[in-house]
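Some notes on the structure that comes next.
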Amino acid sequence: MADAVHIPDEAETRARWGDFAWTPENEEKAKVILARFPKGREQSASLAFLDLAQRQVGAETQTQGWLPVPVIEFVAAQIGVPYMRVYEVATFYTMYNLAPVGRYHVQVCGTTPCMLRGSDDVLAACKNKGLVKGKTTPDGLFTLTEVECLGACANAPMVQINDDNFEDLTYDSTVAILEALAEGRSPKPGPQIDRQVSAPEGGPTSLKAMVSENHDYRGEW
């Protein structure tokens, strides 16, 4: 698994993020989120508030975002629960970053299905493009993390980069994705082979006549 990430000095972190508050736009979003839950159940907003806060940090730093301790404290205060109740949520889910990351957070699944289908090739491609597990590249573009199952086992091996999944990867397709991101392009997410989502390769294999008779393959008739 990944090496331990470096968490900045607390004094430095508090100096930078100690006065964190919602932007006007995110304050409105926070009100909408909180309104979904009945009085006394505000803790249920932890997940959404942490995500919103991480995205705000990301927008300010031009990265994927992370959750400094003062930001987690702010979220806890917003929903009226002890800091630890929110911290334990932030440490449980890999969608939350507890240390700074690059513009693109490359999370490679190394669990058994992906390992059997070639996650070692994906990691090798990352390594040969200068990415090191648990580290951010010197240009600040990429942070590489090896994570547990991301739920796309049928399309293994896969990697999650920020909000997108890239599936059915090979060494070459992984390199192509990283190069596209480095050049400011947006590679196509999802399967990197000829298949629709998790369907078999090559398109429909049954009911072909029905599909060809001007019926919409997405299920609209």
Side-chain angles (χ1 to χ4, degrees), residues 1-3 5 46-48 50-51 54-55 58 64-65 89-98 101-135 137 141-183 185-221:
M1 296 302 290
D3 296 332
V5 295
S46 297
L47 287 163
L50 286 170
D51 181 66
Q54 180 166 279
R55 290 177 187 276
Q64 204 238 350
V89 173
T91 56
F92 183 82
Y93 295 98
T94 57
M95 66 183 284
Y96 302 120
N97 305 314
L98 299 182
V101 295
R103 183 174 179 182
Y104 302 109
H105 188 191
V106 180
Q107 299 183 81
V108 178
C109 178
T111 310
T112 304
C114 280
M115 181 184 67
L116 293 175
R117 292 288 302 275
S119 65
D120 286 349
D121 291 336
V122 175
L123 287 168
C126 292
K127 180 179 179 180
N128 290 340
K129 294 302 293 184
L131 282 66
V132 178
K133 283 193 287 186
K135 307 292 184 183
T137 54
L141 272 183
F142 297 105
T143 298
L144 177 62
T145 306
E146 184 178 354
V147 297
E148 295 301 321
C149 184
L150 290 170
C153 305
N155 294 17
M158 62 84 63
V159 60
Q160 179 179 324
I161 303 178
N162 292 4
D163 290 333
D164 292 320
N165 284 356
F166 297 88
E167 304 153 359
D168 296 303
L169 294 170
T170 63
Y171 178 94
D172 290 338
S173 60
T174 303
V175 168
I177 290 166
L178 296 175
E179 289 179 346
L181 292 171
E183 294 168 5
R185 295 184 283 116
S186 299
K188 179 182 75 72
Q192 302 300 300
I193 60 174
D194 180 25
R195 73 154 104 194
Q196 181 183 22
V197 291
S198 296
E201 292 184 55
T205 57
S206 61
L207 302 177
K208 291 185 178 181
M210 184 174 68
V211 172
S212 65
E213 292 172 1
N214 297 320
H215 295 300
D216 192 330
Y217 184 55
R218 293 169 297 180
E220 299 173 6
W221 299 85

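- Between Leu47 and Val89 the shortest side-chain heavy-atom distance falls below 4.5 Å.
- Listed by chain and residue number, nothing satisfies the side chain to side chain donor-acceptor pair (under 3.5 Å) test with Thr112 (two or more places apart in sequence, or in another chain).
- Without hydrogens or angle criteria, Gln160 side chain to Asn162 main chain gives a donor-acceptor distance under 3.5 Å.
- Using a 4.0 Å cut-off between charged nitrogen and carboxylate oxygen, Asp164 and Lys188 do not count as a salt-bridge pair.
- Contact annotation: the side chain of Asp121 never approaches that of Ser119 to less than 4.5 Å [non-hydrogen atoms, C-beta and beyond].
- A salt bridge does not link Glu201 with Arg195: none of the charged nitrogens is closer than 4.0 Å to a carboxylate oxygen.
- The shortest side-chain heavy-atom distance between Cys109 and Val159 does not fall under the 4.5 Å cut-off.
- Counting only heavy atoms from C-beta outward, the side chains of Arg55 and Asp51 approach each other to under 4.5 Å.
- Looking at Val108 and Thr145, their side chains never come closer than 4.5 Å, going by heavy atoms from C-beta outward.
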Would Met158 and Phe166 satisfy side chain to side chain contact (heavy atoms under 4.5 Å, CB included), going step by step from the backbone distance to the final call? CA-CA 6 Å; Met158 62 84 63; Phe166 297 88; over 6 Å; no

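- Between Lys129 and Glu179 there is a salt bridge, since at least one side-chain N of the basic residue sits less than 4.0 Å from a carboxylate O of the acidic one.
- The closest side-chain heavy-atom distance from Ile177 to Leu169 is below 4.5 Å.
- Looking only at side-chain heavy atoms (C-beta outward), Thr94 and Gln107 come within less than 4.5 Å of each other.
- Of all the heavy atoms in Ala125 and Leu178, the pair that sits closest is O-CD1, 4.3 Å.
- Proximity of Ser173 to Thr170: side-chain heavy atoms (C-beta onward) are separated by under 4.5 Å at one or more points.
- Between the side chain of Thr137 and the main chain of Phe142, a donor-acceptor pair closer than 3.5 Å is present.
- Listed for the Glu167 side chain is no donor-acceptor partner under 3.5 Å among the backbone atoms of Asn165.
- In this structure, the side chain of Thr143 does not engage the main chain of Val101 through any donor-acceptor pair within 3.5 Å.
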Determine whether Thr91 and Tyr96 satisfy the following criterion, side chain to side chain contact (heavy atoms under 4.5 Å, CB included), listing intermediate values before the conclusion. CA-CA 7 Å; Thr91 56; Tyr96 302 120; over 6 Å; no

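- Judged purely by atom type and a 3.5 angstrom limit, Asn97 uses its side chain to pair as donor or acceptor with the backbone of Gly65.
- Heavy-atom minimum distance, Val147 versus Thr111: O-OG1, 4.2 Å.
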